[in-house]
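Not measured: the values here are computed from a predicted model. Indexing begins at 1, ligand by ligand and atom by atom, following the structure's order.
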Amino acid sequence: MSMVIGSWVRETSRMTAPATPRVKLRREPKRGRYDRASVDRILDRALVAHIAFVSEGQPFCIPTLCARVGDRALIHGSSASRMLRGLSAGAPACLTATLTDGLVLARSAFEHSINYESAIVLGTLEAVTEPEAKRGALEAFTEKLLPGRWEEVRQPTAKELKATVILSLEIDEASAKVRSGPPETPPEDEDVDVWAGVVPIRTVYGDPVTAPDVAPGTPVSPSVARLPAR
Ligand SMILES: Cc1cc2nc3c(=O)[nH]c(=O)nc-3n(C[C@H](O)[C@H](O)[C@H](O)COP(=O)(O)OP(=O)(O)OC[C@H]3O[C@@H](n4cnc5c(N)ncnc54)[C@H](O)[C@@H]3O)c2cc1C
């Protein structure tokens with residue numbers, strides 16, 4: 001399958017081995033995945049990613065919205081942002097997306113853990129400058145927040161597109177790590193008489209709160225109404 005948005009083409013090629021030694025899992029390697037589908041799924045589920053980079057010798061790790069279009073992870077923001085300035089200048093970066101799926105509650109404190117999926121992408125970000133690609137990126141961000149929202153709202157003007165910095169990171173040198181399943185029970189814990197198991201973590205939406213400047217009686221948008229039952 002391939003999908004074209006702007007000038008980007010999504011290739012569903014599969015990485016079955018780490019692209020480089022830098023993204024080869026050494027700790028718990030059985031939890032590692034290198035195929036694009038696994039990395040993409042995590043990037044697509046995570047609303048927020050953390051971007052790590054070094055600026056003037058100091059490491060920073062900045063949370064930010066992220067989206068994906070085809071082979072690229074996207075971040076966006078204001079040109080005044082140190083993060084975006086530094087990354088635009090070619091600082092090597094590490095983007096991490098994390099999903100927490102369940103509390104892993106063992107019989108001993110030591111074995112407590114969390115079920116998770118996380119993805120790491122290494123590389124250098126590039127500025128997206130072509131207006132149609134920028135529009136596609138803004139659409140991806142809006143649809144990531146809430147599917148269907150893009151068509152309901154005013155589209156960005158040329159001036160707004162110009163004021164928005166969008167950077168993209170090729171999903172090439174990447175890894176995913178997944179922990180799932182019950183807690184581990186070493187032999188010395190087998191007789192410990194306490195409940196153990198997994199408590200799934202779910203994201204739920206609350207009731208929509210209408211903005212104070214919206215005209216009274218304006219119905220909630222279909223995209224909002226379609227959100228899973230609260
Ligand atoms: C929500 C959450 C909670 C965690 N809690 C803990 C904790 O309390 N203690 C702990 O030790 N570890 C925890 N981990 C696992 C942690 O992320 C590391 O995988 C682990 O600490 C090993 O780090 P390392 O640098 O030795 O990895 P290495 O295996 O040496 O890393 C080599 C390469 O493997 C890849 N890699 C490593 N970890 C990840 C990852 N999580 N996702 C994607 N790619 C990865 C990267 O490309 C990295 O460059 C947690 C992970 C998540 C997502």
Side-chain angles (χ1 to χ4, degrees), residues 10-55 57-75 83 86-87 90-126 144 167-186 188-189 192 194-204:
R10 175 178 185 190
E11 297 295 345
T12 53
S13 59
R14 292 178 75 83
M15 293 188 293
T16 52
T20 68
R22 298 200 305 180
V23 290
K24 183 178 187 321
L25 273 93
R26 290 171 177 79
R27 282 276 304 139
E28 306 274 12
K30 63 180 186 306
R31 295 182 181 162
R33 301 189 187 170
Y34 304 104
D35 62 286
R36 267 293 301 280
S38 295
V39 173
D40 286 0
R41 191 186 63 250
I42 296 164
L43 292 175
D44 291 350
R45 272 186 67 204
L47 275 184
V48 171
H50 288 77
I51 296 259
F53 58 97
V54 175
S55 173
Q58 170 64 48
F60 293 90
C61 181
I62 306 291
T64 187
L65 289 176
C66 76
R68 182 183 66 84
V69 174
D71 292 331
R72 293 188 167 262
L74 306 174
I75 62 169
M83 170 182 79
L87 294 172
C94 172
L95 181 147
T96 301
T98 309
L99 302 164
T100 51
D101 292 332
L103 306 179
V104 179
L105 307 173
R107 288 177 173 80
S108 64
F110 181 79
E111 295 293 345
H112 278 62
S113 188
I114 190 160
N115 280 341
Y116 63 78
E117 295 186 74
S118 54
I120 287 178
V121 187
L122 304 181
T124 304
L125 287 91
E126 291 170 17
K144 176 91 178 275
L167 299 181
S168 81
L169 175 63
E170 186 174 10
I171 306 166
D172 179 25
E173 193 176 6
S175 59
K177 191 169 179 179
V178 179
R179 193 217 185 275
S180 60
E184 293 183 10
T185 309
E188 63 270 28
D189 288 351
V192 177
V194 63
W195 183 88
V198 171
V199 180
I201 299 172
R202 302 268 182 263
T203 300
V204 294

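With sequence neighbours excluded, the residues forming a side-chain contact (heavy atoms from CB on, under 4.5 Å) with Arg27 are Lys177, listed by chain and number.
No salt bridge links Glu28 with Arg179; every basic N to acidic carboxylate O contact stays at or beyond 4.0 Å. With respect to the salt-bridge test (charged N to carboxylate O, under 4.0 angstrom), the residues Asp44 and Lys144 do not qualify. At a threshold of 4.0 Å, the pair Glu117-Arg45 counts as salt-bridged, since one of the basic side-chain nitrogens sits closer than that to a carboxylate oxygen.
Considering Val104, Val198, Leu105 as possible partners of Ser113, the one that fulfils the side chain to side chain contact (heavy atoms under 4.5 Å, CB included) test is Val104.
At a threshold of 4.5 Å between non-hydrogen side-chain atoms, the residues Thr185 and Val192 do not count as touching.
Ordered by chain and residue number, the residues placing a heavy atom less than 4.0 Å from ligand 1 are Arg22, Val23, Lys24, Leu25, Arg26, Arg27, Thr98, Ile114, Tyr116, Ser118, Ile120, Ser175, Ala176, Lys177.
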